[in-house]
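Atoms within a ligand are numbered from 1 in the order they appear, just like the ligands themselves. Remember, it's a predicted structure, so these values are computed and weren't measured experimentally. Values reported hereafter were calculated over all heavy atoms of this structure, with side chains retained and with hydrogens, waters and symmetry mates removed.
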Amino acid sequence: MGLKEVVLAGPRGFCAGVERAIEIVEEALEVVGAPIYVRKEIVHNRHVVDALGAKGAIFVDELDEVPPGATVVFSAHGVAPEVRERSRGRGLRVIDATCPLVTKVHLEAIRYARAGYTIILVGHEDHDEVIGTMGEAPNRIHVISSPEEVEQLELPDPDKVAYLTQTTLSVDDTRAVIDALRQRFPQIVGPSRDDICYATQNRQAAVKTVAGEVDVVLVIGAANSSNANRLREVSETTGSRAYLINEIKEIKPSWFENATRVGITAGASTPEFLVHEAVEALRRMGAVSVREVNVVDENVRFGLPRELEEIAQELGRPLPARVPPAW
Ligand code: SF4
């Protein structure tokens, strides 16, 4: 007995929305210069936030902490329209790093609200993304997160209901909620393609495959990262033990007693260097081989927001070449 093998789930780690958000802050720092203000954590990972902070980004909770006339970046999770209005009122220069797949959900909310639908948003009501989407039609959106809540919904017109979902939910759990919604509101409509994003789906599919082959799964990610928490839950559905860690020093050797194989995955906002550190820690505990199980190749890349180009032109500075975050 004893640790023998580490199995890496692929894809894992940074998604296209997170890479883009980090690149936006880095490019803004080059074009405008420090400080660049960022409303909320640009992505839910302390290592990323600290690294950008060291380069001159200042993270704030709300816009009144940003001096008038300064440049502010909105995080990948998106913002409510009211935040955009306040930024205009304060004369701020805004660069929007909202992931295009989150923007898609906002646009769906606007479309359904304009057409007179009551919207059921499946998600976690305290998450930044859900708060932003809610802001598009606060009087028309109800947030739920479980099938049990479907029964308690009291809606003005049960025949005019639409559903949307947060992008980082568990695929299986969300299907159960949508099934319950369909049963209670047979006329319900939803987006033609699922709102759970490609990165969330791929990372969950990969960790499910790996979790079935190992005794323990390590999910590397922040405690406030929705998609990292879902990776831990998905791993546990296969019967494996799973632990969410943000730092390698949180690893406890007792987790691997009687274990021969350990799986590793990382949330969409987790830098890859933490995966390397975890592999090295497990090697020191006796693992002799490392294998990767890749369930799908990803080649998604999003364009940068046009504000960045406009600011570069206004300041007469060239936009630096795009470089994927080197973590
Ligand atoms: S997890 Fe999905 S929705 Fe969120 S930033 Fe990444 S690609 Fe965009």
Side-chain angles (χ1 to χ4, degrees), residues 9-26 38-49 52 73-80 95-109 121-124 126-136 164-171 173-174 190-208 219-234 244 265-272 274-275 295-305 322 324-325 327:
R12 65 179 174 276
F14 281 178
C15 61
V18 164
E19 287 197 340
R20 173 180 181 267
I22 295 170
E23 285 174 45
I24 288 170
V25 177
E26 289 180 332
V38 183
R39 183 183 175 276
K40 310 278 184 194
E41 289 189 333
I42 183 75
V43 300
H44 283 155
N45 190 279
R46 202 67 231 161
H47 301 277
V48 173
V49 168
L52 293 173
V73 177
F74 293 154
S75 82
H77 301 107
V79 296
I95 306 174
D96 190 356
T98 303
C99 175
L101 300 181
V102 174
T103 302
K104 168 180 167 277
V105 183
H106 281 235
L107 295 176
E108 287 163 351
L121 174 58
V122 185
H124 302 283
D126 55 348
H127 191 277
D128 288 340
E129 180 188 323
V130 169
I131 293 167
T133 308
M134 279 278 289
E136 297 290 358
L164 298 172
T165 74
Q166 190 179 334
T167 56
T168 50
L169 299 178
S170 149
V171 174
D173 292 351
T174 305
S192 54
R193 287 195 57 194
D194 216 317
D195 290 322
I196 299 179
C197 79
Y198 82 94
T200 301
Q201 300 200 23
N202 290 348
R203 280 150 192 69
Q204 287 178 18
V207 84
K208 219 182 210 180
V219 179
I220 310 178
N224 63 343
S225 161
S226 172
N227 77 85
N229 277 287
R230 302 297 83 76
L231 290 173
R232 182 182 55 73
E233 290 166 7
V234 167
L244 175 63
T265 186
S269 42
T270 303
E272 181 69 6
L274 290 171
V275 173
V295 299
V296 61
D297 290 328
E298 286 182 346
N299 52 10
V300 179
R301 192 125 163 91
F302 299 128
L304 294 178
R322 281 186 78 172
W327 288 320

### Query
What protein heavy atom sits nearest atom 3 (S) of ligand 1, and how far away is it?
Thr167 OG1, 3.4 Å
### Message
Strictly distance-based, threshold 3.5 Å: is any side-chain N or O of Thr200 a donor or acceptor partner for the main-chain N or O of Thr167?
### Response
yes
### Query
From Cys99, does some N, O or S atom reach closer than 2.8 Å to atom 2 (Fe) of ligand 1?
no
### Query
So which protein heavy atom does atom 7 (S) of ligand 1 come closest to, and at what separation?
Cys15 SG, 3.6 Å
### Query
Got the closest protein heavy atom to atom 1 (S) of ligand 1, with its distance?
Cys197 SG, 3.6 Å
### Asn227 side-chain N/O to Ala268 backbone N/O, donor-acceptor pair under 3.5 Å
yes
### Message
Would you say that more than 12 heavy atoms from the other residues, nucleotides or ligands in this model lie under 6.0 Å from the NZ of Lys208, or not?
### Response
no
### Query
Does the pair Ile24 and Leu304 meet the rule for a side chain to side chain contact (heavy atoms under 4.5 Å, CB included), with working shown?
CA-CA 7 Å; Ile24 288 170; Leu304 294 178; 3.8 Å; yes
